[in-house]
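In what follows, chains are A, B, ... by sequence order, proteins preceding strands, each numbered from 1. All heavy atoms count here, side chains included; hydrogens, waters and symmetry mates do not.
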Amino acid sequence: EVQLVESGGRLVQSGGSLRLSCAGSGFTFSHYALSWVRQAPGKGLEWVSGISGSGNGAYYADSVEGRFTISRANSENTLYLQIHSLRVDDTATYYCARSPLMGRPFYAFQIWGQGTVVAVS
Amino acid sequence: DIVMTQSPLSLPVTPGEPASISCRSSQSLLHSNGYNYLDWYLQKPGQSPQLLISLGSNRASGVSDRFSGSGSGTDFTLRITRVEAEDVGLYYCMQGLQTPLSFGQGTRLEIK
């Protein structure tokens with residue numbers, strides 16, 4: 001079964017740091033670009049960051065540029081999101097999602113994880 | 001950055017009746033390869049989003065043929081031929097043409 005499973009979300013204080021993980025299974029991990037999408041409580045979806053299958057191309061939303069770093073370890077089938085200088089408005093459920101291609105454009109997120117919750121106080 | 005605008009934001013529908021949602025983008029989503037990079041997603045209550053339609057009109061695997069997408073350039077529409085109770089949730093359009101990607105505000109479909 002093709003699957004993405006996020007982890008690492010927790011309650012953290014404003015200004016702190018956190019690393020989220022997304023483990024993939026059931027497919028050749030390096031063949032697909034991946035993205036992080038977040039959803040604040042009661043709000044809509046917001047694309048945060050995306051990375052190519054090789055890891056050579058990384059892209060960010062303006063709202064997180066400079067504070068978030070996306071990376072991947074293809075040998076471990078794992079996607080990461082390193083978050084620094086956390087703010088209250090980063091509170092959200094963070095989803096990882098898979099594109100159908102190795103690179104851009106990122107679209108058609110057919111596979112989504114269940115999400116991991118980040119709460120910033 | 002591309003701004004996505006959906007309407008309506010709330011859509012009460014009687015079961016068995018049709019429904020449609022409009023999505024407009026601030027720039028054309030038509031790529032030089034001829035594809036429109038516009039997706040539609042449904043987020044059912046308490047669940048992760050699921051892909052319904054990609055590239056403007058391509059129904060995703062396993063999606064009911066009651067759902068269809070149309071449009072090109074900056075104007076797109078999601079149509080449901082006969083709404084069922086299981087269709088309740090938030091519908092989002094998303095442009096994938098360029099980063100940063102962007103979603104519409106979401107349309108909440110509810111059953112009358």
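A chain of hydrophobic side-chain contacts below 4.5 Å, direct or via other Ile, Leu, Val, Met, Phe, Trp or Tyr residues, connects L78(B) to L11(B). Linking ILVMFWY residues whenever their side-chain heavy atoms come closer than 4.5 Å, directly or via other members, leaves L30(B) and I53(B) in distinct clusters. Note on L4(A): it clusters hydrophobically with I70(A), by side-chain heavy-atom contacts below 4.5 Å among ILVMFWY residues. Two different hydrophobic clusters hold L51(B) and L101(A) under the rule that ILVMFWY side chains link at heavy-atom gaps under 4.5 Å. Under a hydrophobic-cluster definition in which Ile, Leu, Val, Met, Phe, Trp and Tyr are linked whenever side-chain heavy atoms come within less than 4.5 Å, directly or via other members, L97(B) and F106(A) are assigned to different clusters.
L9(B) belongs to no hydrophobic cluster with other residues, because no ILVMFWY side-chain heavy atom falls under 4.5 Å from its own, directly or through intermediates.
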Return one line per donor-acceptor pair between chain A and chain B under 3.5 Å, naming both atoms and the distance rounded to 0.1 Å.
from, atom 1, to, atom 2, distance (Å)
Q39(A), OE1, Q43(B), NE2, 2.8
Q39(A), NE2, Q43(B), OE1, 2.8
Q39(A), NE2, Y92(B), OH, 3.4
Y95(A), OH, Q43(B), NE2, 3.4
R104(A), NH1, T99(B), OG1, 3.1
A108(A), N, D39(B), OD2, 2.6
F109(A), N, Y41(B), OH, 2.8
G113(A), O, S48(B), OG, 2.6

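Residue L101(B) touches chain A through both its backbone and its side chain, counting heavy-atom pairs closer than 4.5 Å. Residue V37(A) touches chain B through its side chain alone, counting heavy-atom pairs closer than 4.5 Å.
By number of non-hydrogen pairs under 4.5 angstrom with chain B, the leading residue of P100(A), P105(A), G113(A), G50(A) is P105(A).
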